Amino acid sequence: AVSWIDFAINFTMLESFFGVAPVDGVYWTLQYELLFYLFTALAVIVFKKKKIIPQISLVWLFILIIRDFINIDVVGKFVDKFMIAKYGPIFILGYLVYFLLETKMKRWKRILIYFEILLSFYYLWRHLGLEYFIFIILAFAFLIVTVCLSSKGQTGNKIVNKIIHPFTFIAGISYPL
């Protein structure tokens with residue numbers, strides 16, 4: 001049974017910061033999502049433009065990688081907790097795909113994003129283990145193929161649309177749930 005205090009703390013989506021277990025197992029990701037989008041919102045507010053996010057993501061990845069080689073306890077704990085050291089690169093991959101597909105950009109910025117994708121994969125491989133890393137690579141590849149084939153849901157080919165539609169529908173409804 002869940003106490004009223006635990007329920008109230010879970011309602012804030014900040015339960016992990018208070019040392020309270022989530023009331024439902026799938027809610028463990030909420031703290032990471034909340035932090036990531038908070039950092040993103042702050043970056044957009046401070047720099048006053050959304051297109052700076054790839055550069056901020058690069059700095060974020062470098063900080064995470066440097067943290068691997070410089071083991072300063074206080075800094076390491078801050079980076080691990082507030083820079084979402086374990087899962088941040090997964091969110092960054094999502095942003096990078098968005099920028100590649102939805103934004104017109106100069107060649108140097110596109111190359112920067114490809115470099116960041118490689119850095120993200122490197123970091124995830126070092127920290128999550130081979131099995132989880134393989135899953136992320138396969139999921140990333142599936143995402144790219146699905147998005148490229150669907151062209152936002154319409155390829156002009158009825159057979160491909162029928163195959164892709166269930167995946168785009170599930171992807172569209174699964175995040176808000």
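Numbering of residues begins at 1 and proceeds along the displayed sequence. Remember, predicted model here, so these are calculated numbers, not experimental data.
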Exercise. Given the rule in the side-chain contact (heavy atoms from CB on, under 4.5 Å) test, do Gln55 and Leu112 qualify, once you have shown the distances and angles that lead to the verdict?
Worked result: CA-CA 8 Å; Gln55 289 91 323; Leu112 174 72; 4.2 Å; yes
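- To the nearest 0.5 Å, atom CD1 of residue Ile111 and atom CH2 of residue Trp108 are 10.5 Å apart.
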For this session: Dump the intermediate steps for side-chain contact (heavy atoms from CB on, under 4.5 Å) on Leu96 and Ile92, then the final yes or no.
Result: CA-CA 6 Å; Leu96 297 176; Ile92 289 171; 3.8 Å; yes
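- A continuous path of ILVMFWY side-chain contacts below 4.5 Å connects Val59 to Tyr114, so both sit in one hydrophobic cluster.
- The aromatic rings of Tyr122 and Trp125 sit tilted, their planes meeting at an angle between 30° and 60°.
- Summarising the geometry, atom CG belonging to Leu58 is positioned 6.5 Å from atom CG belonging to Leu119; distances are rounded to the nearest 0.5 Å.
- Considering only heavy atoms from C-beta on, Ser3 comes within 4.5 Å of Asp6 through its side chain.
- Taking the ring-ring contact (aromatic ring centres under 6.0 Å, His included) definition, one finds that Phe36 meets it with Trp60, Phe91, Tyr95, sequence neighbours left out.
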Exercise. Step by step, would you call Leu93 with Ile136 a side-chain contact (heavy atoms from CB on, under 4.5 Å)?
Worked result: CA-CA 10 Å; Leu93 281 171; Ile136 289 172; 4.3 Å; yes
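- Scored by the ring-ring contact (aromatic ring centres under 6.0 Å, His included) test, Phe121 finds Phe140 as partners (sequence neighbours excluded).
- A single hydrophobic cluster is not seen to contain both Val20 and Phe11; linkage of ILVMFWY side chains at heavy-atom distances under 4.5 Å, directly or through other members, places them apart.
- Listed here is the closest heavy atom pair of Thr12 and Glu15: OG1-N, 4.3 Å.
- Counting heavy-atom neighbours within 6.0 Å of Leu138 CG, excluding the residue itself, gives a total above 12.
- Among all heavy-atom pairs drawn from Pro22 and Asn10, the shortest one is CA-OD1, 3.1 Å.
- Within the model, atoms CG of Leu64 and CZ of Arg126 stand 11.5 Å from one another, a figure rounded to the nearest 0.5 Å.
- Considering only heavy atoms from C-beta on, Leu38 stays 4.5 Å or farther from Leu34 through its side chain.
- Leu42 and Leu35 end up in different hydrophobic clusters when Ile, Leu, Val, Met, Phe, Trp and Tyr side chains are linked at under 4.5 Å.
- Nearest approach of Leu61 to Glu116, heavy atoms of both residues: CD1-O, 3.6 Å.
- The distance from the OG atom of Ser57 to the CZ atom of Phe39 is 12.5 Å, given to the nearest 0.5 Å.
- Under the 4.5 Å side-chain contact rule for hydrophobic residues, Ile53 and Leu118 do not share a cluster.
- Both Phe7 and Ile5 are part of a single hydrophobic cluster, where members link through side-chain heavy atoms under 4.5 Å apart.
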Exercise. Where do Ile90 and Leu128 land on the side-chain contact (heavy atoms from CB on, under 4.5 Å) test, with the steps shown first?
Worked result: CA-CA 11 Å; Ile90 297 171; Leu128 298 180; 4.3 Å; yes
